[in-house]
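Step one of this worksheet: look at the structure below.
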Amino acid sequence: MQAQKVEVIRQNPSDRSSYEGLVGSITASITTLSYLHVGSGQQIAFKVIEDKVSGKTRFEEDYLPFASIGRFIAIPGSSVKGNIRSRLELSFKSKDGKVRSCFIRGSRLYGAPQVGKHGWRHYRIWEHAVKEERGMPCDHTAGAPVCLICNIFGTAGLKSLVGFSNFFGEDVTGEPQNLEYEMKLIAVPPNTSFKGSISFRNLKPEELGLILLGMGITDSKVGRPVLFGRLKYRSQVSGRTFGRIKYEVLEIRLSKFSQPLQMKGRILMEPGSYEKERLDEIVKTLTNHALHTYEGEFQIVKEVDVVEKLQ
Ligand SMILES: [Zn+2]
């Protein structure tokens, strides 16, 4: 398939020097629906074995560790940000030859990979987006305008409007996995929960709605199953499934510096307040507003369902 050249819609980024629009935070959880491995950036792990008889040391391949902060297993905020951002980049599609998001990693595509070749599952899931030639990613270092997603998540020369804490679990222990192709890694089992927060500033309601859509959340505070971490594109590895999670919103807080959250003349949340009870209603209003604002340009993909059908 031929890559299709599209134009990325770019504008001057919103003002970062003062508070305007929505300012606050979302407390959220990530619950594993399968095994999950999130790496620490390390590609290969070794342990040193000392031979007491010969006095020599040798190296033996070790389990790839799960990411940790201090002594605790955790999902780094940067991984959560990357997961949500790339889901948004890939959910946008062009309308009349124009698209709202660049691809920040800027990976060019030369035709669809054949089945079994590197990246083919990724391509199949996100075909509507990855077939688009979006050109170079946004770069604000010389003051050039940026796309919608770079305005929210930042890019070269531009700070992000959203901040992601590390996500920690309670009493989480990693389990060593000996997998096919001699893969050795530490993974957490299904039904493990991690908790963290996402801070935001100077967002419009539809942009806050986009953050939620990027978490796989639409009609309620609990999101649909989405892919995360290593081995997520495989249905099974050594009889186990990896990389299925769901996000859930636990609380939304508006700073006293925020504008009220107001939709169609109705105030849903006041500055300086927090919400735990009416989350379904608030989440649904925000995501519907985003879907309406970007109608015909945003496609919700049930990525886990697609991956299961690819096998
Ligand atoms: Zn961009």
Side-chain angles (χ1 to χ4, degrees), residues 2-18 20-23 26 76-110 119 122-123 125-164 198-217 226-228 247 286-287 289-301 303:
Q2 205 67 15
Q4 173 197 349
K5 241 187 160 52
V6 297
E7 183 194 334
V8 174
I9 302 168
R10 292 186 165 100
Q11 291 179 326
N12 288 327
S14 37
D15 183 24
R16 263 110 168 124
S17 62
S18 60
E20 54 178 39
L22 299 171
V23 184
I26 298 170
S78 57
S79 302
V80 181
K81 182 180 181 181
N83 181 257
I84 293 174
R85 179 184 193 145
S86 61
R87 185 164 299 102
L88 289 174
E89 289 180 0
L90 291 161
S91 298
F92 273 104
K93 57 180 179 179
S94 62
K95 185 178 170 186
D96 303 327
K98 294 179 179 175
V99 67
R100 301 267 187 176
S101 173
C102 70
F103 290 131
I104 200 67
R105 287 188 190 92
S107 56
R108 291 173 67 95
L109 190 84
Y110 299 100
H122 175 83
Y123 185 91
I125 299 168
W126 302 108
E127 190 166 359
H128 67 93
V130 290
K131 71 179 184 199
E132 294 177 347
E133 171 56 62
R134 298 185 186 176
M136 296 292 284
C138 304
D139 184 340
H140 192 62
T141 43
V146 299
C147 75
L148 173 68
I149 297 301
C150 285
N151 182 43
I152 299 173
F153 288 85
T155 187
L158 186 67
K159 276 191 184 148
S160 177
L161 293 176
V162 282
F164 291 78
I198 303 165
S199 62
F200 55 86
R201 64 190 170 107
N202 299 22
L203 293 188
K204 296 175 186 144
E206 61 268 31
E207 294 170 336
L208 186 54
L210 275 184
I211 307 287
L212 296 164
L213 289 171
M215 300 161 79
I217 287 172
V226 290
L227 302 172
F228 198 117
Y247 289 94
L286 284 167
T287 55
H289 179 59
L291 289 171
H292 182 73
T293 305
Y294 307 114
E295 202 171 349
E297 301 175 75
F298 192 92
Q299 186 164 326
I300 289 177
V301 174
E303 58 209 61

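Note that the numbering runs from 1 along the sequence shown for the chain. Counting starts at 1 for both ligands and their atoms, in listed order.
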Using the rule given for side chain to side chain contact (heavy atoms under 4.5 Å, CB included), can you reason through Lys95 versus Arg100, listing the C-alpha separation, both sets of side-chain angles and the distance that settles it, and then say yes or no? CA-CA 9 Å; Lys95 185 178 170 186; Arg100 301 267 187 176; over 6 Å; no

Would you check if the side chain of Arg87 reaches a backbone N or O of Leu227 as a donor-acceptor pair within less than 3.5 Å? yes

Could you go through the salt bridge (charged side-chain N to carboxylate O under 4.0 Å, His left out) check for Arg134 and Glu89 one step at a time? CA-CA 11 Å; Arg134 298 185 186 176; Glu89 289 180 0; over 6 Å; no

With Lys204 via side chain to side chain donor-acceptor pair (under 3.5 Å) - residues at least two apart: none

How many N, O or S atoms of the protein are nearer than 2.8 Å to the Zn ion (ligand 1)? 4

His289 side, atom NE2; Glu206 side, atom CD - distance, nearest 0.5 Å: 4.0 Å

Angle class for the Phe92/Phe298 ring planes (parallel below 30°, perpendicular above 60°, tilted otherwise)? perpendicular

